[in-house]
Protein chains: 2
Amino acid sequence: MNTREQIIRIADNLIREKGYNAFSFYDISKKVGIKTASIHYHFPLKSDLGVAVIEQHIDNLSTIIEKYKSKSPTDRLDKFFSIYVAIKNENKVCLVGSLASDLNTLDEQVQIKLKTFTELMFNWVCTFLDEGRNSKAFTYEGSPRTKSVMIISNLLALLQLSRLSYDQEFKSVIDTIKLELITK
Amino acid sequence: MNTREQIIRIADNLIREKGYNAFSFYDISKKVGIKTASIHYHFPLKSDLGVAVIEQHIDNLSTIIEKYKSKSPTDRLDKFFSIYVAIKNENKVCLVGSLASDLNTLDEQVQIKLKTFTELMFNWVCTFLDEGRNSKAFTYEGSPRTKSVMIISNLLALLQLSRLSYDQEFKSVIDTIKLELITK
DNA sequence: GTCTATATCCGGATAGAC
DNA sequence: GTCTATCCGGATATAGAC
């Protein structure tokens, strides 16, 4: 992994651990082992780094979507859950949840990129919820869009609340979402 | 409203608009019309102000809980929703959602107070969900605790996502939560 | 209770040498 | 591509006058 990629990876972790406005180039410099001025060579502005972090997430999710596009809605749902389980295991929050709270303080480019990423995630979930209902694999009230908002909301907020001592509920929420979708 | 209360009110709004680490004593000083040094007279440390903001929320919620304690579970559910609708109308996020993202950067006293407030909210929702199921007003899968986590998660994250262009879903999510709870 | 003045620190950002 | 050195602005916080 080259320096640029290292910086992105560390920034991503810091954003999801402490928040966008609480992480600094100095934090990164310590972990990468270069000076803050050198980080500016790769990313002139902090917002350039912010954009790059989100683009990395877009790339990763795009790869997952492509890889799972011919799998069953249930498989895609499980993959979706596994993304959040992984974040839970590192005791962080998801990127959207972290940046959404700071939205009004972000540069416009970062806001726009964040909206692109969020749309991608929503469209993916919406698609497999819709297919799943058409194929009778899933049952739920409301439109696929509304249901996707509800499920993504559950996972996003659950990560935030987990750090506030609602740890033990994480698994049961996922189980209940699946139960509601599949049994009825 | 005295100066101290004004400061708390403005800080609350700034936290839910920009995030804890993005608001400053200077922001408040402009709105109150006093200098930053004067704010330190009322709240020596920023964390003292943070604690006071949360305590204000605890007081407000306690009043609501008391006022609604003999009302029906459905009435209490509607009151619960109305809290988030009000926040939505001011285009902000809720206190817990805002502070949860920055949790690891908050002083211990602020973290502890935030946990107290979150517990109060959860216990309230949990109580009327439980009573509602016992009285056959509500039907749902899972424990009252799990369901309360799911519903609070929906609202908390919905406020965050609303600012990212999922505005039009706000009402339909609330409608769907009610539909799922009440019809089946 | 509010002010002026100031201390101190931290963070983003730039210039220019190597 | 990384360094040293530096600038600048912003933020918390304190001292002491009024």
Side-chain angles (χ1 to χ4, degrees), chain A residues 1-54 56 98-99 101-111 113-114, chain B residues 1-54 56 98-99 101-111 113-114:
Chain A
M1 189 162 36
N2 63 32
T3 305
R4 188 190 148 88
E5 290 166 345
Q6 264 187 67
I7 295 170
I8 292 174
R9 190 172 171 281
I10 292 167
D12 175 40
N13 277 287
L14 287 169
I15 289 171
R16 294 183 300 102
E17 188 182 323
K18 305 169 60 172
Y20 186 84
N21 290 313
F23 96 89
S24 70
F25 277 35
Y26 181 65
D27 292 332
I28 297 178
S29 79
K30 280 184 299 182
K31 299 205 179 195
V32 182
I34 60 176
K35 301 296 176 181
T36 61
S38 310
I39 301 174
H40 282 282
Y41 168 80
H42 298 279
F43 304 97
L45 305 178
K46 189 177 183 179
S47 56
D48 294 325
L49 177 52
V51 167
V53 167
I54 302 171
Q56 179 68 58
S98 176
L99 294 179
S101 303
D102 298 331
L103 190 68
N104 292 328
T105 71
L106 302 177
D107 285 348
E108 201 188 351
Q109 296 170 338
V110 182
Q111 290 191 28
K113 194 62 79 175
L114 181 61
Chain B
M1 188 163 34
N2 62 32
T3 305
R4 187 191 150 88
E5 288 166 347
Q6 266 187 65
I7 294 169
I8 292 175
R9 192 172 169 280
I10 293 168
D12 175 39
N13 277 288
L14 288 169
I15 290 171
R16 293 183 300 103
E17 187 183 325
K18 305 169 59 173
Y20 186 84
N21 290 312
F23 95 89
S24 70
F25 277 35
Y26 181 66
D27 292 332
I28 297 177
S29 79
K30 280 184 300 183
K31 301 205 176 193
V32 181
I34 59 175
K35 302 295 175 181
T36 60
S38 309
I39 301 173
H40 282 282
Y41 166 81
H42 299 279
F43 304 98
L45 305 179
K46 188 177 184 179
S47 57
D48 294 324
L49 178 51
V51 167
V53 167
I54 303 171
Q56 180 66 57
S98 175
L99 294 179
S101 303
D102 298 332
L103 190 69
N104 292 328
T105 72
L106 302 177
D107 285 348
E108 200 188 353
Q109 295 169 338
V110 182
Q111 290 191 28
K113 195 61 77 173
L114 181 61

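These numbers come from a predicted model, not from an experiment. Throughout, a chain's letter reflects where its sequence line sits, starting with A, and its residues are numbered from 1.
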Checking the side chain of [X] only, and the main-chain atoms of [Y] only, is there a donor and an acceptor separated by less than 3.5 Å?
{"X": "B/Asp48", "Y": "B/Leu45", "answer": "yes"}
{"X": "A/Ser24", "Y": "A/Asp27", "answer": "yes"}
{"X": "A/Asn104", "Y": "B/Glu17", "answer": "yes"}
{"X": "A/Ser98", "Y": "A/Ile15", "answer": "yes"}
{"X": "A/Gln111", "Y": "A/Leu103", "answer": "yes"}

Exercise. Base, sugar-phosphate alone, or nothing: which one does B/Phe25 contact when heavy atoms must sit under 4.0 Å apart?
Worked result: sugar-phosphate
Exercise. With a non-hydrogen cut-off below 4.0 angstrom, is A/Phe43 in contact with a base, only sugar-phosphate, or nothing?
Worked result: nothing
Between [N] atom [atom2] and [X] atom [atom1], what is the distance in whole Å?
{"X": "A/Leu14", "N": "C/dG11", "atom1": "CG", "atom2": "P", "answer": "12 Å"}
{"X": "A/Ile39", "N": "C/dT14", "atom1": "CD1", "atom2": "C1'", "answer": "15 Å"}
{"X": "B/Ile28", "N": "C/dT2", "atom1": "CD1", "atom2": "C1'", "answer": "16 Å"}
{"X": "A/Ile34", "N": "D/dT4", "atom1": "CD1", "atom2": "C1'", "answer": "14 Å"}
{"X": "A/His42", "N": "C/dA13", "atom1": "NE2", "atom2": "P", "answer": "16 Å"}
{"X": "A/Leu49", "N": "C/dA13", "atom1": "CG", "atom2": "P", "answer": "10 Å"}
{"X": "B/Phe23", "N": "D/dG10", "atom1": "CZ", "atom2": "P", "answer": "17 Å"}
{"X": "B/Ile7", "N": "D/dT12", "atom1": "CD1", "atom2": "P", "answer": "13 Å"}

Between [X] and [N], is there a contact of a side-chain N or O with OP1 or OP2 at under 4.0 Å?
{"X": "A/Tyr41", "N": "D/dG1", "value": "yes"}
{"X": "B/His40", "N": "D/dA15", "value": "no"}
{"X": "A/Tyr26", "N": "C/dG11", "value": "no"}
{"X": "A/Thr36", "N": "C/dG11", "value": "no"}
{"X": "B/Lys35", "N": "C/dC3", "value": "no"}
{"X": "A/Ser38", "N": "D/dC3", "value": "yes"}

Exercise. If you check every side-chain atom of A/Ser24, which of C/dG11, D/dA13, D/dT2 has the closest atom?
Worked result: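 That would be C/dG11.
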Exercise. Nearest of D/dT4, D/dT14, D/dG1 to any side-chain atom of B/Ala37?
Worked result: D/dT14
For this session: Taking atom CD of B/Glu5 as the centre, report whether more than 12 heavy atoms of other residues, nucleotides or ligands fall under 6.0 Å from it.
Result: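 For B/Glu5, atom CD is crowded (more than 12 foreign heavy atoms under 6.0 Å).
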Exercise. Name the stems with DNA chain C in them: runs of three or more consecutive Watson-Crick or G-U pairs, distances under 3.5 Å?
Worked result: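 Paired runs of 3+ in DNA chain C: C:1-18 with D:1-18.
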For this session: Determine the minimum heavy-atom distance between A/Lys18 and B/Thr105, stating which atoms define it.
Result: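 For A/Lys18 and B/Thr105, the tightest heavy-atom pair comes out as O-CG2, 3.4 Å.
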Problem set entry | From CA spacing to verdict: side-chain contact (heavy atoms from CB on, under 4.5 Å), B/Tyr20, B/Val53 | CA-CA 11 Å; B/Tyr20 186 84; B/Val53 167; over 6 Å; no
